[in-house]
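First comes the structure, then the notes that go with it.
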Amino acid sequence: MIIVHHLENSRSQRVLWMLEELGLPYEIKRYERNKKTMLAPPELKRVHPLGKSPVIEDSDDQVDGRGRVVAETGAIVEYLVDKADGRLGAPAKRAGALDYRYWLHYAEGSMMPPLLLKLVLGRVPLFGKSAIKRVQPMIDTHLDFVEAHLATRPWFTGENMTAADIMMSFPLEAARSRGGLDASRPATIAWLDKVHARPAYQTALRKGGPYAYA
Ligand SMILES: N[C@@H](CCC(=O)N[C@@H](CS)C(=O)NCC(=O)O)C(=O)O
């Protein structure tokens, strides 16, 4: 059994969605953000030293008398693909497999940093607003890149949805909420609508509690 240490309004919504898609049993342990700082509560540091979400614990895989702890969304997603015998994993063909690896890393490695920077700068008085003017063009470059990719295929790796799509959901939801993604990039919006219409996504949303991006 998997326990998902789930912080409200966070990246860990992706892990709930993936578990629903795979039909694996899981339990949710919920955490609320500090209302002032928006940070995770200190209890999360008892699960993993960074105290971030998502983190999972898998009681089927015991290490020193405790379920294995896996942090970092991309690592969790790959762990779950293994556990589900490759379901939602890389496509068999080389081009699709390389796309799979690329987008899986790109989500947190390239697209999230400028979005996060914009969020943080938005909270900095005075200097923040002018600094955002430099960050927005970086976000726009990412959004154009994603739009061009999705204009020629239904999912990030081709014909079928994979864990790479699950990874990309959070940056693109964040981009729609505060990064300037709108109807001027129709392929990306159509992809987001397709994601949000999936029954597994909606079940995960109901179970996860507050989530401002769907
Ligand atoms: N790259 C990491 C980022 C983890 C992360 O920063 N999680 C945020 C949630 S969106 C968090 O826990 N924030 C609260 C905090 O930093 O205290 C991942 O994808 O797992």
Side-chain angles (χ1 to χ4, degrees), residues 2-22 24 26-58 61 67-83 88-89 100-124 128 135 138-139 142 146 156 162-179 181 192 195-196 201 204-205 207-214:
I2 288 174
I3 299 172
V4 184
H5 294 274
H6 175 66
L7 181 66
E8 62 176 344
N9 272 321
S10 84
R11 287 160 162 93
S12 65
Q13 190 64 40
R14 285 180 293 198
V15 174
L16 306 185
W17 175 28
M18 180 154 183
L19 285 160
E20 288 295 334
E21 290 283 353
L22 292 171
L24 295 175
Y26 68 97
E27 267 171 27
I28 303 176
K29 190 159 184 330
R30 288 184 196 207
Y31 299 81
E32 285 178 15
R33 290 179 187 268
N34 179 298
K35 298 265 179 298
K36 271 199 189 133
T37 63
M38 297 307 281
L39 294 176
E43 300 96 88
L44 256 179
K45 286 211 168 93
R46 277 188 235 131
V47 186
H48 185 278
L50 296 184
K52 305 259 178 204
S53 177
V55 191
I56 62 164
E57 255 177 290
D58 184 359
D61 187 356
R68 181 176 296 280
V69 174
V70 185
E72 193 64 46
T73 319
I76 294 170
V77 154
E78 293 205 79
Y79 182 89
L80 295 179
V81 166
D82 277 354
K83 202 172 165 76
L88 297 181
Y100 174 84
R101 190 187 292 158
Y102 178 78
W103 294 105
L104 201 101
H105 287 278
Y106 168 89
E108 287 294 320
S110 285
M111 189 152 192
M112 277 312 294
L115 287 165
L116 204 58
L117 195 56
K118 185 174 178 187
L119 174 77
V120 172
L121 288 172
R123 295 189 187 140
V124 176
V135 176
M138 296 179 201
I139 297 175
H142 283 286
V146 167
F156 274 93
T162 66
D165 293 282
I166 293 177
M167 283 303 290
M168 284 302 294
S169 61
F170 188 74
L172 290 176
E173 287 173 338
R176 178 146 77 173
S177 142
R178 57 170 188 257
L181 171 59
L192 265 177
V195 164
H196 292 164
Y201 185 95
L205 209 53
K207 292 190 183 170
Y211 187 64
Y213 302 104

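Every number for a ligand or one of its atoms is a count from 1 in the order of the listing. Values below: all heavy atoms of this structure, side chains included; hydrogens, waters and symmetry mates excluded.
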For this session: Report, as yes or no, whether the 6.0 Å neighbourhood of atom CZ on Arg178 holds more than 12 heavy atoms from other residues, nucleotides or ligands.
Result: yes

Problem set entry | Of all pairs that satisfy salt bridge (charged side-chain N to carboxylate O under 4.0 Å, His left out), the ones with a partner from residues 73-83, not counting sequence neighbours | Asp58-Lys83, Asp60-Lys83

Exercise. Please, which pairs that meet salt bridge (charged side-chain N to carboxylate O under 4.0 Å, His left out) have at least one residue in residues 4-17, sequence neighbours excluded?
Worked result: Arg11-Glu108, Arg14-Glu108

Seminar exercise, completed: By salt bridge (Lys or Arg N to Asp or Glu O under 4.0 Å), Lys207 pairs with (sequence neighbours left out) Glu20

Exercise. Under 3.5 Å, is there a donor-acceptor pair between the side chain of His48 and the main chain of Val69?
Worked result: no

For this session: Could you name the protein residues that come within less than 4.0 Å of ligand 1, counting only heavy atoms, and order them by chain and residue number?
Result: Leu7, Ser10, Arg11, Arg14, Arg33, Leu39, Ala40, Lys52, Ser53, Pro54, Glu72, Thr73, Glu108

For this session: Answer yes if the side chains of Tyr213 and Gln13 hold a donor-acceptor pair under 3.5 Å, and no otherwise.
Result: no

